[in-house]
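For reference, the structure discussed in these notes is given below.
The sequence lines fix the lettering, A, B, ..., with proteins before strands; numbering per chain opens at 1. Model, not experiment: these values are computed from the prediction.
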Amino acid sequence: MANPFEKINQEQTPAMDDLSVLSSSYVPENFPHREQQIDSMVKSLSSIMRHGRASNLLLYGKSGTGKTSISRYVTQLLQEAGKGSIKVVYINCQITDSTYSILVYLVNSLSERDEERIPPMGWTLDRVYSELITRIGQMKKYIVVVLDEIDKLIEKNGGDSLYVILKASDDGKEANLSIIGITNYTSFADNLDARVRSRLNQESIIFQPYNATQLRDILKDRMGGIVSHTVVEDSALNLCAAIGAREHGDARKAIDLLRISMEIAIREGKSRVGEAEVYKARDKFETDVIKESIMALPLHSKIILLSVVLSQKFANRPAYTGEVYENYKRICEEISVQNLGFRRISEILSDLDDIGLIVSVTKSMGRGGRTRFIRVPDHIDSIEQHILEDEQLSTFKGVKLTKQEKLSGLEDESHQDIDDIFNSQRSD
DNA sequence: ACTCCACAGGAAAATTGGGGTA
DNA sequence: TACCCCAATTTTCCTGTGGAGT
């Protein structure tokens, strides 16, 4: 029996396409329209090579403006030039987002051997901290810590983490550590504690959004590295650039679109990528983003989202918190899961709103009370599908739903004005 | 002006669970 | 094994609030 994977492999071989240059993890060699930023970074970091201490750097710019790629690129060059005397530690603060986890991560990055690694939990913060100081002292290298999405740290615990890390850079015996912070928000430094700000914000570099022309240059540059039999029409390339430019000058989006368009063309056996493929790619992109964010959700968030979907469908209007909670409890009962309290549900609904999976508006109906009206903006059915793909929800067959028939002050038919509120919200 | 609904959201207590230590 | 420490997650308790009804 032929291996079905082999078959797929053979089917694709004639194309001989290698699109890895367009993948999100690829760090290119050329950064069109970013010469100035690279130059500033190199200048700032070059004092390390003269055995001095580099100033801490802050990189500002919207997503997809090259901050992460360029800092990876520059620090890699630095590491090579340092010939083993420089250690670069890259931390994504969205994932590693507490003082504790960052310190543990740092300590483990400075471990040469596995047995030196410390457990991700259990130690006291003090113990991890002094361990870090010891390691910094022992390490005869200059350490550069890149904190990507550094704003997430402030969001969570108001800058304490940053203070601790900065303190570690001073407490380390030779103080041979500097920090590169990366953030999406220009106002990031304003919210900082003064003692943290002065030390962190020693030098800042701004990454302006790319415009459509610049994005086109970037795409062309990347295309140069592609071995492909697929021809990308200029109009398609321009469209990718234009969509990226509309999204606050997002190069990542433009590149992703180009890659997906090419993948679509290849799969459909076409030799040219035109505007139609780009539009298809944009749709796929959107649904993929939704799917991924749903799959990453914890169980109870999924159940709540399911409850929102079902409540909304059942009542044929946006659902409100009380209803969602009632139906959520029923779903939990159905699948034999202990339900969470009301307060927590309220919080999870806010989270879902932040992610963008639901849209909610708080509205007061006078005596009818004040509540959030919640709606799943798009693709309701596919969202429901994705939720039900969860293993723990596989036993879910459906439940008897409830809806509040008459919310005092709100007739069932008068949800028209609520729709209006949603519509005006979305145009913000 | 005052009431009162049905929540929102802050603060603090309680629970959970990994990991260390005696 | 029993027990302590700690961080993270949830619950409990609470005060606050927009605006229709009175």
Side-chain angles (χ1 to χ4, degrees), chain A residues 91 93-108 111 114-132 152-153 155-165 296-304 307-308 311-312 315 317-329 331-333 337-355 358-375 392 402-418 420-422 424-425:
Chain A
I91 298 178
C93 303
Q94 187 158 30
I95 299 160
T96 315
D97 62 353
S98 68
T99 311
Y100 190 86
S101 55
I102 287 180
L103 291 185
V104 170
Y105 190 94
L106 274 173
V107 171
N108 285 334
S111 308
D114 276 359
E115 58 268 29
E116 288 175 343
R117 296 178 67 84
I118 62 173
M121 269 174 264
W123 284 25
T124 63
L125 193 62
D126 285 350
R127 188 171 166 196
V128 179
Y129 182 78
S130 48
E131 182 67 26
L132 177 63
K152 292 290 184 296
L153 288 183
E155 228 169 76
K156 210 175 172 194
N157 47 33
D160 285 358
S161 317
L162 274 178
Y163 182 68
V164 173
I165 295 162
L297 248 32
L299 177 65
H300 284 280
S301 303
K302 283 186 189 171
I303 301 177
I304 289 162
S307 172
V308 173
S311 305
Q312 180 184 339
R317 57 161 167 71
Y320 70 89
T321 315
E323 268 174 357
V324 171
Y325 184 57
E326 276 308 310
N327 290 329
Y328 156 80
K329 279 199 292 193
I331 298 170
C332 284
E333 200 183 336
V337 171
Q338 175 66 47
N339 67 290
L340 301 173
F342 190 93
R343 181 66 183 79
R344 186 80 254 278
I345 272 47
S346 176
E347 206 121 301
I348 291 175
L349 284 171
S350 303
D351 292 347
L352 289 173
D353 197 0
D354 288 343
I355 301 172
I358 62 174
V359 181
S360 69
V361 179
T362 48
K363 186 171 188 284
S364 171
M365 276 103 36
R367 273 247 153 98
R370 208 158 79 106
T371 186
R372 249 193 303 228
F373 279 84
I374 304 151
R375 197 166 75 162
Q392 296 186 74
T402 181
K403 73 168 173 178
Q404 185 82 17
E405 281 301 343
K406 272 222 182 76
L407 201 58
S408 36
L410 179 79
E411 297 302 320
D412 220 29
E413 307 79 48
S414 72
H415 64 265
Q416 185 56 49
D417 52 321
I418 296 167
D420 292 346
I421 296 171
F422 274 112
S424 65
Q425 274 262 312

(message) So, using side-chain hydrogen bond (donor to acceptor under 3.5 Å, both in side chains) as the criterion, who are the partners of A:Arg343 when residues are at least two apart?
(response) A:Glu347

(request) With sequence neighbours excluded, tell me which residues meet side-chain hydrogen bond (donor to acceptor under 3.5 Å, both in side chains) with A:Ser101. (result) A:Ser98

Separation of atom [atom1] in [X] from atom [atom2] in [N], rounded to whole Å:
X	N	atom1	atom2	value
A:Leu299	C:dT10	CG	C1'	15 Å
A:Arg367	B:dT3	CZ	P	10 Å
A:Tyr325	B:dA8	OH	P	12 Å
A:Glu326	B:dC7	CD	C1'	14 Å
A:Lys363	C:dG18	NZ	C1'	10 Å
A:Asp354	B:dA8	CG	P	14 Å
A:Glu131	B:dG20	CD	P	13 Å
A:Arg370	B:dA8	CZ	P	8 Å

Contacts of [X] that satisfy side-chain contact (heavy atoms from CB on, under 4.5 Å) - sequence neighbours left out:
X	answer
A:Asn339	A:Tyr325, A:Tyr328, A:Lys329, A:Cys332
A:Arg370	A:Ser364
A:Glu333	none

[X] side-chain N/O to [N] phosphate OP1/OP2 under 4.0 Å:
X	N	result
A:Arg372	B:dG9	yes
A:Ser350	B:dG9	yes
A:Thr362	C:dG18	no

(request) Identify the heavy atoms of A:Lys302 and A:Leu297 that sit nearest to each other, and give their distance. (result) CE-O, 3.4 Å

(request) Can you sort out which residues in residues 339-349 of chain A have a heavy atom within less than 4.0 Å of DNA chain C? Ascending by number, please. (result)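 Within this stretch, A:Asn339, A:Leu340, A:Gly341, A:Arg343, A:Arg344 sit under 4.0 Å of the strand.
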
(request) Would you check if the side chain of A:Ser350 reaches a backbone N or O of A:Ser346 as a donor-acceptor pair within less than 3.5 Å? (result) yes

(message) Nearest heavy atom decides the nucleotide; on that basis, is A:Arg127 or A:Ser364 closer to the 5' end of DNA chain B?
(response) A:Ser364

